[in-house]
Each structure stands twice: as structure tokens, then as C-alpha cells.
**Q** 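Let me give you the structure first, and then I'll get to my questions.
Count residues from 1 along the sequence.
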Amino acid sequence: MQKLKPYINGQYVESATERYVDVYNPSTGEVIAQSPCCTAAEVEAAIAAAKAAYPAWRNTPVKKRADLMFRLRQLIEENMEELTLLLATENGKSWNDAEGDVLKAKEMVELACSAPSLLMGESVMNASKGFDTTLYREPIGVFAGIAPWNFPAMIPMGWMSPLAIVCGNTFVLKPASGTPMTSLRMAQLYKEAGFPDGVLNVVPCSRSEAEILLTHEDVRGITFVGSTSVGQHVYATAAAHGKRVQCLCEAKNHALVLKDAPVTRTAAGIMNSSFGCAGERCMALPVIVVEEEIADALIAELVRLCKEQKIGPAYEKDTKLGPVVSAQHKQFVCDWIQKGIDEGATVVLDGRDVKVPGYENGFYVGHTILDNVTPEMTIGQREVFGPVLCVKRVKSFEEGLALMNANPFANGSVIFTQNGHYAREFTNRTDGGMVGVNVGIPVPIGIFPFSGHKKSFFGDLHCHGKDAFRFYTESKCVTTRWFDEEEKKNTVVSTWDGTI
């Protein structure tokens, strides 16, 4: 049994806490480690370490900061097999999905390597006669990240820490208590890459201690990924304390499948989007809105594909659907399936009783498809976060689009069609912030923002892309005037000197 340690000021330190959270191997149901609920004093020590490291780090040339990111990228590649296995073991993602999780973290480190160009400011000579103005982008201070359990590498070590740090800030990360091992291991890679002590700190803790991050005067900004209810609290609390905040929250992404969509290829795309990562991602595709003419054929193809996929332990490389993250989450998903049935949905596939020989204690939920889901059913409106696909039948494009836009969440939305007119109409009128045309998971690569809308996002600047560099910096405008010999003789200066 491994007792994990927080990473503070460049060292793994013994926690003084008496409270620990069990970390499970979802494939077997076994406890593999215990994560500390770090004390308030330890969270404050991490903030103090980040604050102490900030002055020297902010003045480190941006090229040097980017050079260290290049080294970090290399270390991720060199340790890819180990990181993938660790992530699959603590989270339950299939090998392919776990490797993708690590690769997406590497992608954002690669974006961080572009900092010298992305942090360049702007300037105008003779903005007013004789006055030159330059805009600089400067770091802000200590940032904190509160990460969820479903992407132990991509979110904390991709979306959050590398971009904050390369901008010249220092960082305190609260990983999810149930899946902290990947983040704690990757913190060591920062050390190996040559980042100074205190630039990155990782402190697993409970919600009570995490509240310190939202109110502490030395924390200048918060980035959060998790549920909408918690995200609203994080946003309101941190903003009230004068902090920059971005909160990426729940989703219930829908895909509109028109009758001209090619059934076989469309079903394959839906399979990947709905059941990849066991449906435990905010950009999963848990609802398809299908024109009635092809609904039966599409469902039949989906059932065929589901039955062909191997359900098994995450780290067997031919597994297609691994377990969900915990026994509690398995019960949560199964309760939602039953609620859907009670609400009147038709069961096409029921994955609640799936058994994996030799892994009977694992947290497995099989492919589940519920047909005839109607707008009043909560199963089709709320985030289930598991391998559950809801089918809503409609008679037309307009009915389908209206049904989709009625949802309170708007991370992503998708249309499957070969009709350019409807594809353009959909792109223009959907509420979704990330839109796919025949693309089941419309997450753009890291140079573009992860742009959720409505109750899926609270804030002004998204993670990824140029938005991230704006979020982690503030602008400073410097206006300069040099006096010639005649100007030196002036004794009267206009109230609007240099501004008109």
C-alpha cells in the first residue's frame, strides 16, 4: 500500500494529515494507494512556496521558460509507457484512451513551447504626435487549479499547469483525490526538466481545504474543471475575492443525425464518441437526435458494434471499454439507467449486469442504449457521465435543432449529414460552443480555445489557444515621449497631452 505525498517546493513531503482517501484500481476493485487530505497549513505552505518562487520565475526570460517546456515534452515522451499504465491503472481508461490522455497533455506542453511568439505584445510609433505606445503581456502571480478525476493528465498537466507556468506565473494544483497519482508523478518530471522549486506544487486535499485557494489573498487566479454546481460556487467565491476565474463545467452534448447520413460510418463515429473513455468526459456524445426514417437502422448498427467491443481491464491493450472510475460512480450511472427506464425510455442494451471473468470486483458498466427518450425525461437532459447513449427521435431538422438548443448545457454539438445547407444552418444556429460536422467529438486541437457555452462554462477567457495566454497574463501599456530641444522649452502642457 503506497501512501502518497504532496509535492511542495520541489519535494515530496510527509503530510501531517490523519485523513486519507483510498485510490482504487477500477479494473480489479483493489485499493492501490492512499491519497492525503492535506491540511490547511500544507495548502498554505504550497501557496507560500509558489509566491516565493514567483519573482525570479516571472523575470526568467520567456525563451528560457519555453526551453524548459521543450525538455518537459521530451520527458513525457520518454516516460509515455509508464504514464499510460499509471493513468489506466488509477482511472480505468482503456490503454488507447489512457495514452490519448497523456498525449493531450503533451499537446498543451507543445503549445506552451510557443510562448515566445504568443506572448509578444503590440506597439505603435506616433500613436499621438511624438508619443509611442507599447503593450506588454505580463504574468500575474500565483494561480491555482482544481482538477477533476476523469482526465488525470490532460486537464491538470495540459490545460492548466504548463500554460500558467510558461506565462511566468507559479502554480498550485489540487488534483482529484481519487486519481492523483499521474499528476504527482508528472510533477517530478517538472523537477527533472529543470523548473525551479516552488514553480509547481501539487496538494491533494478535501473540498474544505480547497476553499483556501478561492479566498487566499496570494492566489491571483483560479482554473477549475468539474460539475456545474461546484463550478458556480468556485466562480462566485473566487470572483468575489478579486480573482481571475475560468470554470469548465458539465455538458450533455447532442448529435443531430439526418436521414441522409451514411448509417455505417455514422454509427462508428457515434460509438467512439459515446463509449470512448467509458463516457466519462464532458465532450462525450450521450444523446443522438435521429430523424425517424433511419432511427431503427442506426440503432441496429450501434448494437452490432457494441457487441463486438471487448469489455475488460484497462491495461489489456485490446480492451475497448474499461471500467468506470469507482464503485460509487458505477452506482451513480446504474441509478441513472434505472431512472431512464422508470421515466419510460426503451431499453435496447442494458450494461448494468456485465461481468468480466477474472475481474468480478471491477467497476464495470457495459454499453447501454436507451431509445425513445423524450424531452421531459431527465436522463436525456442531465449528465450521466458513463457509457450510456440516449436516442431521441424527431421528424425534421428544425425539430431536432430546437430540441438540442433547449438543453441548458452547450459544450459541444454535432450534426451527421451529407447536406451542405443543413450543415451550414446547424453551424450557424446551434448553441454549442464546439461544433462538429460529421465529427463526433468536436474538440479542437490546442491552438484553438475549448469554448463551451451556457451552463457549461463560466468566465470570459477559455482554456487552450490564445485565450489561455490572455487568461494567464495581464496587459501593460507603456506610452513614451522624448523631448527635442524645442519641447524642452515648453512651460504649458495640455490636459489631453498625448491622448488626442
**Q** Does a side-chain heavy-atom distance below 4.5 Å link Pro162 with Met69?
**A**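 Counting from C-beta outward, Pro162 and Met69 do come under 4.5 Å.
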**Q** How long is the straight-line distance from CZ of Arg73 back to CD of Glu107, given to the nearest 0.5 Å?
**A**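 Those atoms lie 11.0 Å apart.
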**Q** Answer yes or no: are there more than 12 heavy-atom neighbours, outside Arg382 itself, under 6.0 Å from its atom CZ?
**A**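 Result for CZ/Arg382: open.
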**Q** Tell me if a side-chain donor or acceptor on Lys191 pairs with a main-chain N or O of Gly10 at a distance below 3.5 Å.
**A**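 Judged by distance alone, yes, a pair lies under 3.5 Å.
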**Q** Do you know which of Pro6, Pro180, Ser206, Ser177 makes side chain to side chain contact (heavy atoms under 4.5 Å, CB included) with Pro36?
**A**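 Of the listed residues Pro6, Pro180, Ser206, Ser177, the side chain to side chain contact (heavy atoms under 4.5 Å, CB included) partner of Pro36 is Pro6.
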**Q** Just how far is it from atom CD of Glu78 to atom CD1 of Ile76, taken to the nearest 0.5 Å?
**A**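 Output value for this atom pair is 10.5 Å.
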**Q** For Arg185, give me all partners under salt bridge (Lys or Arg N to Asp or Glu O under 4.0 Å), at least two apart in sequence or on another chain.
**A**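 Expected list: Glu82, Glu192.
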**Q** Run Arg19 and Glu209 through salt bridge (Lys or Arg N to Asp or Glu O under 4.0 Å) and show every step you take.
**A** CA-CA 12 Å; Arg19 295 181 297 149; Glu209 285 74 32; 3.1 Å; yes
**Q** Please tell me if the side chains of Asn407 and Gln381 come closer than 4.5 Å, counting only heavy atoms from C-beta onward.
**A**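 Yes. Closest side-chain heavy atoms under 4.5 Å.
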**Q** By salt bridge (Lys or Arg N to Asp or Glu O under 4.0 Å), which residues pair with Glu383, not counting sequence neighbours?
**A**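 None.
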**Q** Should the ring pair Trp336 and Phe332 be called parallel, tilted or perpendicular, given that the plane angle runs from 0 to 90° and is split at 30 and 60?
**A**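 Ring orientation of Trp336 relative to Phe332: perpendicular.
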**Q** Would you say that Lys5 contacts Ser15 through its side chain, given a criterion of any heavy-atom pair below 4.5 Å between the two side chains?
**A**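 Heavy-atom side-chain distance check fails, nothing below 4.5 Å.
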**Q** Is there a side-chain contact between Cys463 and Leu163 in this structure, where contact means two heavy atoms from C-beta onward sitting under 4.5 Å apart?
**A**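 No; the side chains remain at least 4.5 Å from each other.
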**Q** So, using salt bridge (Lys or Arg N to Asp or Glu O under 4.0 Å) as the criterion, who are the partners of Lys106 when residues are at least two apart?
**A**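 Partners of Lys106 by the salt bridge (Lys or Arg N to Asp or Glu O under 4.0 Å) criterion, ordered by chain and then number, come out as Glu77, Glu110.
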**Q** Under the 3.5 angstrom rule, does the side chain of Thr170 hit a backbone N or O of Val199 as a donor-acceptor pair?
**A**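 No, the answer is negative, given that no donor and acceptor are paired below the 3.5 Å cut-off.
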**Q** Rounded to the nearest 0.5 Å, what separation is found between the CG atom of Leu214 and the NZ atom of Lys243?
**A**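 Answer rounded to 0.5 Å: 8.0 Å.
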**Q** Just checking Lys455: does its NZ atom have more than 12 heavy atoms from other residues, nucleotides or ligands closer to it than 6.0 angstrom?
**A**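 Atom NZ in Lys455 is not packed in, count stays at 12 or less.
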**Q** Per the salt bridge (charged side-chain N to carboxylate O under 4.0 Å, His left out) rule, what does the pair list look like for residues 51-63, sequence neighbours excluded?
**A**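 Counting only pairs at least two positions apart or across chains, the salt bridge (charged side-chain N to carboxylate O under 4.0 Å, His left out) contacts touching residues 51-63 are Lys51-Asp218, Arg58-Glu138, Lys63-Asp67.
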**Q** The criterion is side chain to side chain contact (heavy atoms under 4.5 Å, CB included); which residues satisfy it with Phe131, sequence neighbours excluded?
**A**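 Result, side chain to side chain contact (heavy atoms under 4.5 Å, CB included) vs Phe131: Ser128, Thr479, Arg481, Asp497.
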**Q** For Gly198, does its backbone N or O pair with a side-chain atom of Asn201 as donor and acceptor, under 3.5 Å?
**A**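 Checking the backbone N and O of Gly198 against the side chain of Asn201, a donor-acceptor pair under 3.5 Å is found.
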**Q** Check salt bridge (Lys or Arg N to Asp or Glu O under 4.0 Å) between Glu18 and all other residues, then give those that pass, not counting sequence neighbours.
**A**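 Counting only residues at least two positions away or on another chain, Glu18 forms no salt bridge (Lys or Arg N to Asp or Glu O under 4.0 Å).
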**Q** Could you give the distance from CD (Gln188) to CG (Leu75), rounded to the nearest 0.5 Å?
**A**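 Answer rounded to 0.5 Å: 10.5 Å.
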**Q** Crowded around Lys104 NZ? As in, over 12 foreign heavy atoms under 6.0 Å?
**A**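 It does: Lys104 NZ has more than 12 such atoms within range.
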**Q** Can you establish whether the number of heavy atoms outside Arg424 located under 6.0 Å from its atom CZ is more than 12?
**A**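 No, because the 6.0 Å sphere around CZ of Arg424 holds 12 heavy atoms or fewer from other groups.
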**Q** By the ring-ring contact (aromatic ring centres under 6.0 Å, His included) test, which pairs, at least two apart or in different chains, include something from residues 435-466?
**A**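 Those involving residues 435-466 are Trp159-Phe450, Trp159-His464, Phe450-His464, Phe457-His462.
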**Q** Salt bridge or not for Glu122 and Lys476, using N-O below 4.0 Å?
**A**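 Looking at Glu122 and Lys476, the cut-off is not met.
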**Q** With distance as the sole test, does Ser456 use its side chain to make a donor-acceptor pair with the main-chain N or O of Glu250 at under 3.5 Å?
**A**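 A pair under 3.5 Å: yes.
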**Q** Could you note down all residue pairs passing ring-ring contact (aromatic ring centres under 6.0 Å, His included) where residues 19-63 supplies at least one of them, sequence neighbours left out?
**A**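 Every pair satisfying ring-ring contact (aromatic ring centres under 6.0 Å, His included) with a residue in residues 19-63: Tyr24-Phe363, Trp57-Phe195.
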**Q** Using the side chain to side chain donor-acceptor pair (under 3.5 Å) criterion, which residues pair with Thr319? Sequence neighbours excluded.
**A**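 Partners of Thr319 by the side chain to side chain donor-acceptor pair (under 3.5 Å) criterion come out as none, since no residue qualifies.
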**Q** Please examine the side chains of Asp431 and Met404, heavy atoms only from C-beta on, and report whether any two atoms are closer than 4.5 Å.
**A**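 Answer no - side chains too far apart.
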**Q** By side chain to side chain donor-acceptor pair (under 3.5 Å), which residues pair with Thr17, not counting sequence neighbours?
**A**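 None.
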**Q** Using a 3.5 Å distance criterion without hydrogens, assess whether the side chain of Glu90 forms a donor-acceptor pair with backbone atoms of Thr182.
**A**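 The answer is yes, because a donor-acceptor pair under 3.5 Å joins these two groups.
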**Q** If a pair satisfies ring-ring contact (aromatic ring centres under 6.0 Å, His included) and one of its residues is in residues 470-500, list it, with sequence neighbours excluded.
**A**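 Residue pairs with at least one partner in residues 470-500: Phe143-Phe471, Phe143-Tyr472.
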**Q** Roughly how far, to the nearest 0.5 Å, is the CG atom of Leu461 from the CZ atom of Arg470?
**A**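 Answer rounded to 0.5 Å: 7.5 Å.
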**Q** Quick one: are Pro175 and Val202 in side-chain contact, heavy atoms under 4.5 Å?
**A**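 Of all side-chain heavy-atom pairs linking Val202 with Pro175, at least one is under 4.5 Å.
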**Q** To the nearest 0.5 Å, tell me how far Ile146 CD1 sits from Leu173 CG.
**A**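 Atom-to-atom, Ile146:CD1 and Leu173:CG are 9.5 Å apart.
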**Q** So, the side chain of His241 versus the backbone of Ala236: is there a donor-acceptor pair under 3.5 Å, distance only?
**A**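 Not a single qualifying donor-acceptor pair exists.
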**Q** Just by distance, no angles: are the side chains of Glu425 and Asn428 close enough, under 3.5 Å, to form a donor-acceptor pair?
**A**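 Judged by distance alone, the side chains do not pair up.
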**Q** What pairs meet the salt bridge (charged side-chain N to carboxylate O under 4.0 Å, His left out) rule with one or both residues in residues 142-159, with sequence neighbours excluded?
**A**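 Qualifying pairs: none.
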**Q** Taking the side chain from Ser161 and the backbone from Pro156, do they hold a donor-acceptor pair closer than 3.5 Å?
**A**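 Side chain of Ser161 to backbone of Pro156: a pair is present.
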